[in-house]
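I have placed the structure first, in the form of structure tokens, so that the comments after it can refer back to it.
Note that the numbering runs from 1 along the sequence shown for the chain. None of the values given here were measured: they were computed from a predicted structure. As the structure lists them, so they are numbered: ligands from 1, and atoms in each ligand from 1.
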Amino acid sequence: MNDRETLDALLAKIEAANTAYHEHDAPEITDAEYDALRREAEAILAAHPEWRDDAKALAQVGGKPASGFKKVIHRTPMLSLDNVFDAEEFAEFIARIRRFLGLKDEALEFVAEPKMDGLSISLTYEHRQFARAATRGDGTEGEDVTANILTLESLPRELPNDAPDFIEIRGEVYMTKADFLALNASQERQFANPRNAAAGSLRQLDPSITAKRKLSLFAYAQGETSKPVAQSHWDYLETLRRWGFAVNPLSRLVKEAGTETFQAEMGAERAALPYDIDGVVYKVNDLALQNRLGFVGRAPRWAVAWKFPAEKASTVLEDIEIQVGRTGALTPRARLKPVNVGGVLVTYATLHNEDEIARKGVRIGDVVELQRAGDVIPQILGVFKRGDGQPYKFPDHCPVCGSLAVRVDDDVVRRCTGGLTCPAQVVERLIHFCSRGAFDIEGMGEKTVREFHDAGLLCGAADIFGLPAHEGEIAKREGWGEVSAAKLSAAIAARREIGLARFIFALGIRRIGENNAKLLARHYGSYAHWKEAMLAARIIGSDARLELGSISGIGPAIAQDLLAFFAEEHNLATLERLEAGVRVQEEHAAAIDSPLAGKVMVFTGTLTMARPEAKARAEALGAKVTESVSKKTDFVVVGEDAGSKAKKAAELGIEILSEQQFRNLAGL
Ligand code: IVH
């Protein structure tokens, strides 16, 4: 079928669906199917605007206005990569893999691929038909950009018979340097680089705009699949090629020993390539090994991005500004005379902390050397030419509230002691509370939080849930109005229910980021249980304190920060007020159906499997692996030459497993 015939067929189906829905009140297809038909028709019309007049079926229904993109949950999360910057760091990456797998002399094989500087995309095929495309988003949930991706001519619309029933194929959407220059030349709006241009073009609610921008695609990774398609990554790429995907022709199969040469070659070729790359990705070729290596946090153990050396420049350090964060940390940043570093205009650079400024000896007025690597905030390397400024003296008072700022013990960070009397800390906490990973309240961004704080409407987190009561007052504020105020109230009401992990994260406790909040939520399960345990843990030596110390991943410093939070009356008061406005849902521990779930295990002696892998396997099945044997230990896995731990286990009557028994339990 040509495009016109496809369009006509789609329009006929849409019309039939409209009639069934509106005139007979009897829908014949699901909303999702209906949306898919419309999206596909829109994509064709985007390429052929001259046919729009014929597409009355599309105009006929007041479909939901595109207020944004639909959300898509990735069946397999879209992860990121760890970076290395030199041969030494790369060698560590390899050494880590070898240790994990317990490899001796066998050389590893890698697929080396240029690291495209674009945006990652997940393409889902169902029954070999292209079904949808989603951006990475936060890795778990992305935005549905199907209609926009359909404007890419190079996208295979269907897969051959040997493809699985369900498969997610990942890759990068990018814009070539030539298309980027042509786009900027054709319009007033100037994109800073091809990456931004690609992102701006893909995230268009109107696919006809995307259609006019030239986007390209390289496929390079797998997500969920209903049946394995290859045994090595190299074969997987071959399969993708055969299925019609563009796969970067510069990708190579390299032995461990060949990686450095490849890196140098790519570095030399980089400038002449038709698209931007910022490094090379090295992936363990053998998929069985990839599977054994698994993931740490958000990145695979089996791959790494070896970035090209940072780009350098020098400019004048105009000022050192101090920012006060949510936990009172005073963070210096350098304000620079704007300078172009590798295609990006840089005005600020990080100075990390007080000691760093002293170590580098930078003074206001100096010409400093700076570097920028990838997305990282530019860094100052040191003084290039001394100006006539005095040595910099770090403030010992908070620049916002004037309270004393101190360094406790060996902390490199100086902190404002003002706590909640410091407006900077209050505002930063509020911003954090409403942010995406926390309560995610639409419309309560940084600007609104500052506005309401300054107006006295918001003093602390619990006030947020009282805002709807002030809807009338908000509506009268400049720039607001009844509609926006009502919308804000609705957005707040929609967030009165929240998962425990998000809730804990939202509190903004020092060192409790998203990961630690998840660990706590999974461990304690419910808000009531968590709170009760934290209050009880304030007592030294209590069971609750010991339990907190036993949670894998929660070290003593983190525990200390949690207890410090619960030691403050005003935090307890905030919790109580929040309890009145919010319902915290229970967190269900990842339901792991395994005989090891929840068990405390110790490995001892020499196993055939390397220790890190054994530990990771056990943890993946829900076990907690500890170093020493105690009454709480459920199993001790004993290898060759086991010593005192095996003996102690026997004395305490703890179940002892051989490595084979452990493998059987773990299904290995
Ligand atoms: S593989 C689980 N391969 O780099 C591994 N990523 O820094 C998934 N990227 O989000 C990524 N070129 O957007 C992979 N050849 C390549 C890549 C590549 C560019 C991007 C991708 C990813 C980011 C991580």
Side-chain angles (χ1 to χ4, degrees), residues 74-85 89-90 93 97 110-123 133-143 145 149 167-176 193-199 202-203 215-225 230 232-234 236-241 245-254 259 262-263 266-267 269-270 273-287 289-308 310 373-376:
H74 303 301
R75 291 241 199 138
T76 300
M78 288 181 82
L79 300 150
S80 57
L81 293 169
D82 279 340
N83 295 327
V84 298
F85 288 93
E89 288 176 6
F90 186 75
F93 157 72
I97 293 185
F110 291 93
V111 175
E113 301 166 6
K115 184 168 189 305
M116 301 301 300
D117 204 3
L119 350 50
S120 43
I121 191 93
S122 182
L123 307 165
T135 59
R136 185 180 125 143
D138 63 2
T140 314
E141 188 181 86
E143 286 174 335
V145 288
I149 285 293
I167 187 164
E168 286 173 345
I169 291 162
R170 268 94 196 247
E172 196 92 346
V173 172
Y174 66 96
M175 191 178 277
T176 64
N193 51 43
R195 189 187 177 282
N196 285 0
L202 187 63
R203 297 191 67 263
L215 291 174
S216 309
L217 171 81
F218 275 136
Y220 55 60
Q222 4 193 1
E224 181 95 355
T225 175
S232 71
H233 184 59
W234 187 250
Y236 174 69
L237 293 182
E238 266 312 309
T239 308
L240 290 182
R241 271 199 192 101
F245 289 93
V247 173
N248 196 316
L250 299 172
S251 303
R252 291 281 178 279
L253 199 55
V254 290
T259 49
F262 188 80
Q263 187 71 17
M266 276 298 123
E269 238 176 283
R270 176 185 190 190
L273 294 177
Y275 41 76
D276 277 347
I277 65 172
D278 55 357
V280 179
V281 183
Y282 293 87
K283 304 176 179 173
V284 169
N285 185 35
D286 185 331
L287 295 182
L289 291 186
Q290 279 192 11
N291 189 32
R292 281 175 61 193
L293 285 159
F295 298 84
V296 225
R298 303 176 65 80
R301 268 196 202 87
W302 45 263
V304 81
W306 186 347
K307 294 285 197 75
F308 293 133
D375 291 339
V376 231

Looking at [X], which atoms of ligand 1 are within less than 4.0 Å of one of its heavy atoms?
X    : value
P114 : 12 (N), 15 (N)
E113 : 3 (N), 15 (N), 16 (C)
R136 : 10 (O)

Below 4.0 Å from any atom of ligand 1, is there a heavy atom belonging to [X]?
X    : answer
A303 : no
K283 : yes
M78  : no
A299 : no

Answer yes or no: are there more than 12 heavy-atom neighbours, outside R203 itself, under 6.0 Å from its atom CZ? no

For the residue pair [X] and [Y], establish whether any side-chain heavy-atom pair is separated by less than 4.5 Å.
X    : Y    : value
R170 : H74  : yes
M266 : F308 : yes
E113 : H233 : yes
F245 : L123 : yes

For [atom], find the nearest protein heavy atom and state the residue, atom name and distance (0.1 Å precision).
atom                    : result
atom 12 (N) of ligand 1 : M116 N, 3.0 Å
atom 21 (C) of ligand 1 : Y220 OH, 3.0 Å
atom 20 (C) of ligand 1 : E172 OE1, 3.5 Å
atom 8 (C) of ligand 1  : L79 O, 4.2 Å

Using a 4.0 Å heavy-atom threshold (strictly under), name the region of [X] that reaches ligand 1: side chain, backbone, both or neither.
X    : value
P300 : side chain
L81  : both
K115 : both
R170 : neither

Just by distance, do the side chain of E172 and the backbone of G118 share a donor-acceptor pair under 3.5 Å?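 It does hold such a pair.
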
Here the gap from I277 atom CD1 to D117 atom CG, rounded to the nearest 0.5 Å, amounts to 9.5 Å

Is the shortest side-chain N to carboxylate O distance from R75 to E168 below 4.0 Å? no

If we check side chain to side chain contact (heavy atoms under 4.5 Å, CB included) with F218, which of these qualifies: L240, N248, V247, V173?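 Testing each of L240, N248, V247, V173 against F218, the sole residue satisfying side chain to side chain contact (heavy atoms under 4.5 Å, CB included) is N248.
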
Ring geometry between Y282 and W306 (parallel below 30°, tilted from 30 to 60°, perpendicular above 60°):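 Tilted, since the angle between the ring planes falls between 30° and 60°.
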
